[in-house]
Amino acid sequence: MGLVIQGGIVFDPSSNWDGEVRDLFIAHGRVVDHLTEVDEAIDARGLAVTPAALELRSPVAGYGQNFLRLWGGLPSPRELGESYALLGYTHIHEPDLTLPTANYVHRELAAIPLMDTSASLTLNLRDFDIFLKNKENLSEVAAAWAYLLEHCGGLTLRVAEPFVRYRQEFYQHRTISLEAVLDILDNILHILDSKISLEATPELLTAGLPSSGRFHLACLGPALVNPEALEKAHRLLAAGVSADMGLLPPAPRSQGSLVPLTIDQDRFAPCDLHGSPDPEAPRRALELALHCRQANLAFSAADLRQTPVSSFPQLFSWLCDHHSRRRFWGEDLAPCSYSLHDWLRSTRSLPAQHLGLPDRGHLRPGARADVSIYDLPTLSWWPQSFNRCRMLLKAGERVVDNYEIVNHTVSKATFYRRTGALPNHIIDGLYAKSSFRPGNLRVHPNPEIHWQKAP
Amino acid sequence: MEARIESAICPGCACLCDDIDITVVDDRIYQAANICLWGASKFLAHKRFHPKKERRRLQQPRIKQGCLWQTVPYEAALKRTAEILTRASRPVIYGLTNSGSWAQEAALDLARSTRARLEPADLAFKAPYYRSLMKHGLFWASLDVIRDEADTVVFWGANPLHSCPRHVVRYSVFARGKFTERGLEERRLAAVDVYRTELAEFVKLFIRLEPGQEPALVQGLLAALTGGKPPAIRGLRRLAALLEEASYGVIFFGRGVSYGPAQELLDGLGELTARLNRGSPFIFFPLTADFNSTGLYHLLLRELGSPLAPDFGHDLAGTGQAEPVAWSEVDAVVVVGADLFWFLSQEEIDRLKKRQVPVVALSPFANRTTGHAEVVIPVALAGVETPEIAYRMDGLPLFLPKIVSTHLWSDSRVLRELTALL
Amino acid sequence: MPAVEEIQEFLPNLDCGRCGLTCAEFAGFLLTRELAPEDCPVLHEPDYAGFIEALHELLGQPTVQAAAGMQIDLEKCIGCGICVAMCEFHLGNCADARLGKGPRPQDKVIFHIVNGGAVVVHQERCTRLLQAAEKCSKCAEYCPTKAIVLF
Ligand code: SF4
Ligand code: SF4
Ligand code: SF4
Ligand code: SF4
């Protein structure tokens, strides 16, 4: 099976292709250098050919997210998958998976058609507090995390609360400060030779991050609660820290009628999924994103409720089009906008990098043939036409053609990181405390899930 | 041939105890350790010690010809069912709270394609709960977190010792958790019910109400918490104090509440928990009995955006119905994972029979419904004879592997092949 | 106590040997409770529906499992496991029981739940025997059905 996409205008920031006309050869689901025999040709003359997009933060499957639907307005898994595909996405990433909820999250992800999925294992540092305090234990903690990552079918590591705190007074002696935790994390990540993403908070922005390059700041938007936070975020980005935007719309929709939906996952602060961010945060997030186009800043939206995938075209237009900003915000916010190159970088190259998927987000030989093709109008401004994917290939298979889903059952995989680590006494301790027996905490041999090792 | 299976999962109730150690001899379950009596009656198709609880298994599909039963192969039973469903204009698929998730998904597809209404067996219990959440919000946590944190536990119209016997041991009362290291001694317990239950053996504050008095108690508690003047109900003040002093509380409510004016009561309890939540975390938790009721509502919410009963015949799918189905309109019923005729009043049964509404029953056991059904399709025991997925009452799914084999079809297979036939 | 002949009326009487015995021998073992009606494979066939139940009725049930110092009435016991979780001995010797989980087969316990009822396996570990009868009565105290009688 050989396929060629002929004569397209190819944009691929990570390969430094900025609109060159070239043919793209595809065999066995991958981009190849050259093909002697071609079975099928797609005429892409005059069309923009880009790598398919990857969503870095898609909190659609976390424990409790489903309850959000009680208040209506959220898409079903099928609508989700299709909306993403029609925008040119092939992969979504759930940020919140834990040992007890791993099976839950993977089942929810499996229900979303068309999209490849992955999830971040969110570590609860309270589970490890006594081991974190002693440097000698850190390699065991690292081994435990490596084990958990594979065991839960996670792709990357994440910490939502980079500190150890307890509500219960008699546990106060177990507290570990944010600064100390960052230091400890840096050590563990060094042992693991891995990166971790930290949920951005005003507190974390103030503290700053170790300069090892092992930290990713997730979802900046809601953390920008005051000008100082914005300033700190600016500085971190300027220093080259990797991060994602966490864009959100200005006034949370239907604010008045929202009752709290709070999920307690045994963290210090239970999380209110209906929580409303600082009213100025959305503007700051957008400003930050505009000013830091060149930084290591990937596109992401804040949450499922305020920024459903249907709102992405609007978010994109704010980034890319100063007319649309002026219309909506009444001002420009920044003198510059995202070029097509910038936008592709923030929705393709950087997410693929952060997720550690080297064969995604670009179109060089060896890449998986996930290609999104758009009209490239000469007269109108480009952002509009990039809201509708004309054709989407996933591993060489056509998912969208002529702006419509043509294959509802294209195969989808769940990517996880294989670490080969074995359980140690820290893991035994975790198991002992759970109400489940260890065997039943294992991720199901669920026939609905097609597991794939991340390369 | 003897085999040991450790850490099997009991599909007896929504506790889904996953610590059942089983001895299988010659492909049948001979012994199950750690299982409660309730679970044993479901788990052990053949039991040694409590034969009086043994339930009769159905072995072969059968259909009614005139007034005679006729044993038929599965295909014939499916064909007859398909005919019934094609002829019907208001079919209902009833039950599903005691079915695995795969069967529930298959039933949802069947309901869609036959434009049927899908009626969860415990709708009268859950619909008012979800509607109360929509008004007052929700604080939610898994049973592990509840075990570790909750120092105040109230059972309202619930007798866990009957509906999910090990609940008190595993999660809510006796278990020692991270911040509840002394277990029972560390928890302040109360129960509210209209008659004395076994809970009174260890729950210090047991408030026994007159039937219908529950909403008054809730309003009284709200009044007491906001400094108003509560009515004179015995125990009210003590209960209010107990709730107020909680550092982390749970109200487990049970089916008892659906016998009275359920919506009013659950709205009140929802408001009460929301109010308590302003002080410290408080969870409002339905004590689900049927082993995968939680999975069903989860599925409905996820796929249709509403946890209420979808009605694909009225083009209202998506919004869902909170009111129980009007049986007088229904002209065909498929019962899966529930015993419909056990829930219905004699009057309702008589009317269904008078109108000759055909009933198709999928069940592993003989029960009241199979006795009345026109088509009886025996199915394998989910989670024992066929693998399935089920959600614990806190919404965490577990995989239930097959333990012994059977010649019977699984209910998900029956439903899928039925959908394919139509 | 029923006679062997009475029991045989509810056996297939095929002497097929699938249980490793003749039907009469099988009946004898039923009486001594070394075998149960379910152990006859033939009785599981649809033709013999109801026979197993009938045999159980005929044989009656051992209602009380006696062990020195402690009796559990299996007629009352619902297998909730409260006694297992609350037992003073288990508290120090079985971490799973402390947390409310069922003990593992290899765990050191006095009693555990089997087939929905509490069964004593190591009476000698009970504090009442090790120390003195008035030292502990936790299991009986919290049993919601009062199925445990200590003496
Ligand atoms: S409590 Fe429920 S799940 Fe646990 S053993 Fe009893 S019936 Fe089975
Ligand atoms: S298997 Fe049953 S019928 Fe055959 S000899 Fe034994 S008891 Fe008799
Ligand atoms: S506490 Fe009582 S009812 Fe529960 S298992 Fe023990 S003896 Fe049986
Ligand atoms: S008397 Fe005490 S030690 Fe003995 S079995 Fe009962 S609880 Fe355990």
Side-chain angles (χ1 to χ4, degrees), chain B residues 4 6-7 12 17-21 23 25-26 28-41 43-54 56-57 59-60 71 147 160-162 164-177 181 183-184 197-202, chain C residues 18 33 35-39 41 43-46 49-50 52-62 65 74-86 91 95-107 109 112-119 121 138 141-146:
Chain B
R4 291 196 50 84
E6 277 191 27
S7 312
C17 299
D18 74 332
D19 53 4
I20 314 298
D21 297 323
T23 312
V25 179
D26 291 337
R28 62 196 176 89
I29 296 174
Y30 172 81
Q31 184 175 309
N34 298 329
I35 200 165
C36 75
L37 187 60
W38 181 252
S41 74
F43 213 106
L44 308 177
H46 314 281
K47 289 198 308 127
R48 287 191 85 140
F49 298 111
H50 294 269
K52 64 182 169 157
K53 295 271 171 22
E54 189 166 329
R56 195 163 69 75
R57 287 300 301 271
Q59 295 298 337
Q60 264 191 309
T71 312
R147 183 198 66 186
L161 289 166
H162 279 189
C164 36
R166 295 181 66 201
H167 188 273
V168 288
V169 173
R170 285 173 62 86
Y171 313 114
S172 53
V173 176
F174 296 97
R176 288 99 179 162
E181 281 177 30
L184 178 71
T197 64
E198 289 97 330
L199 286 178
E201 296 290 335
F202 48 82
Chain C
R18 280 169 65 194
R33 297 183 195 287
L35 288 173
E38 285 88 343
D39 292 318
L43 284 179
H44 291 288
E45 289 172 17
I52 292 183
E53 288 87 325
L55 279 168
H56 277 295
E57 219 165 278
L58 203 59
L59 289 162
Q61 274 313 295
Q65 183 161 359
L74 287 178
E75 282 292 312
K76 287 188 184 164
C77 174
I78 56 169
C80 64
I82 291 176
C83 50
V84 177
M86 292 309 282
L91 196 57
D96 275 358
R98 263 184 59 90
L99 282 160
K101 297 191 263 186
R104 297 273 194 168
Q106 67 273 17
D107 282 350
V109 292
H112 62 162
I113 309 296
V114 177
N115 292 357
V119 175
V121 282
K138 285 235 164 117
E141 199 177 312
Y142 294 106
C143 171
T145 62
K146 297 279 160 258

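Chain A is the first sequence line, chain B the second, and so forth, proteins listed ahead of strands; every chain is numbered from 1. When reading the values below, keep in mind they use all heavy atoms of this one structure, side chains included, and skip hydrogens, waters and symmetry mates.
Between the side chain of B:Asn34 and the main chain of C:His112, no donor-acceptor pair closer than 3.5 Å is present. One N or O on the side chain of B:Arg28 and one on the backbone of C:Glu38 form a donor-acceptor pair closer than 3.5 Å.
Contacts of B:Ser7 with chain C are made by side-chain atoms alone, with heavy-atom separations under 4.5 Å and no backbone atom involved. With a 4.5 Å cut-off on non-hydrogen atoms, C:Pro37 does not touch chain B at all. Contact annotation for B:Ile20: neither backbone nor side-chain heavy atoms come within less than 4.5 Å of a heavy atom of chain C. Contact annotation for C:Ala97: only backbone heavy atoms (N, CA, C, O) come within less than 4.5 Å of a heavy atom of chain B.
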Would you mind writing out the side-chain donor-acceptor pairs for residues 168-176 of chain B within the sub-3.5 Å range, not counting sequence neighbours?
from     : atom 1 : to       : atom 2 : distance (Å)
B:Arg170 : NH1    : B:Asp19  : OD2    : 3.0
B:Arg170 : NH2    : A:Ser435 : O      : 3.2
B:Arg170 : NH2    : B:Asp18  : OD1    : 3.4
B:Tyr171 : OH     : B:Cys15  : O      : 3.2
B:Tyr171 : OH     : B:Arg392 : NH1    : 3.3
B:Ser172 : OG     : B:His167 : O      : 3.4
B:Ser172 : OG     : B:His167 : ND1    : 3.0
B:Arg176 : NH1    : C:Ala85  : O      : 2.8
B:Arg176 : NH1    : C:Arg98  : O      : 3.4

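Here the CE atom belonging to C:Met86 is positioned 4.5 Å from the CG atom belonging to B:Leu184, to the nearest 0.5 angstrom. Residue C:Ile113 holds its CD1 atom at 9.0 Å from SG of B:Cys36, rounded to the nearest 0.5 Å.
Within the 4.5 Å cutoff, the side chain of C:Pro105 has heavy atoms near those of the B:Glu6 side chain. B:Leu37 is not listed as a side-chain neighbour of C:Asn115, based on a closest heavy-atom distance of 4.5 Å or more.
Comparing B:Ala32, B:Pro165, B:Gly183 by heavy-atom pairs within less than 4.5 Å of chain C, the highest count is held by B:Ala32. For chain B, the option among C:Pro46, C:Pro103, C:Ala49, C:Gly81 with the highest count of heavy-atom pairs below 4.5 Å is C:Pro103.
Here the shortest heavy-atom pairing between B:Arg166 and C:Gly102 reads NH2-N, 3.5 Å. Of all heavy-atom pairs spanning C:Val114 and B:Gln31, the tightest one is CG1-CG, 3.4 Å.
Among residues two or more places apart in sequence or in another chain, the side-chain hydrogen bond (donor to acceptor under 3.5 Å, both in side chains) test is passed with B:Glu201 by C:Lys146.
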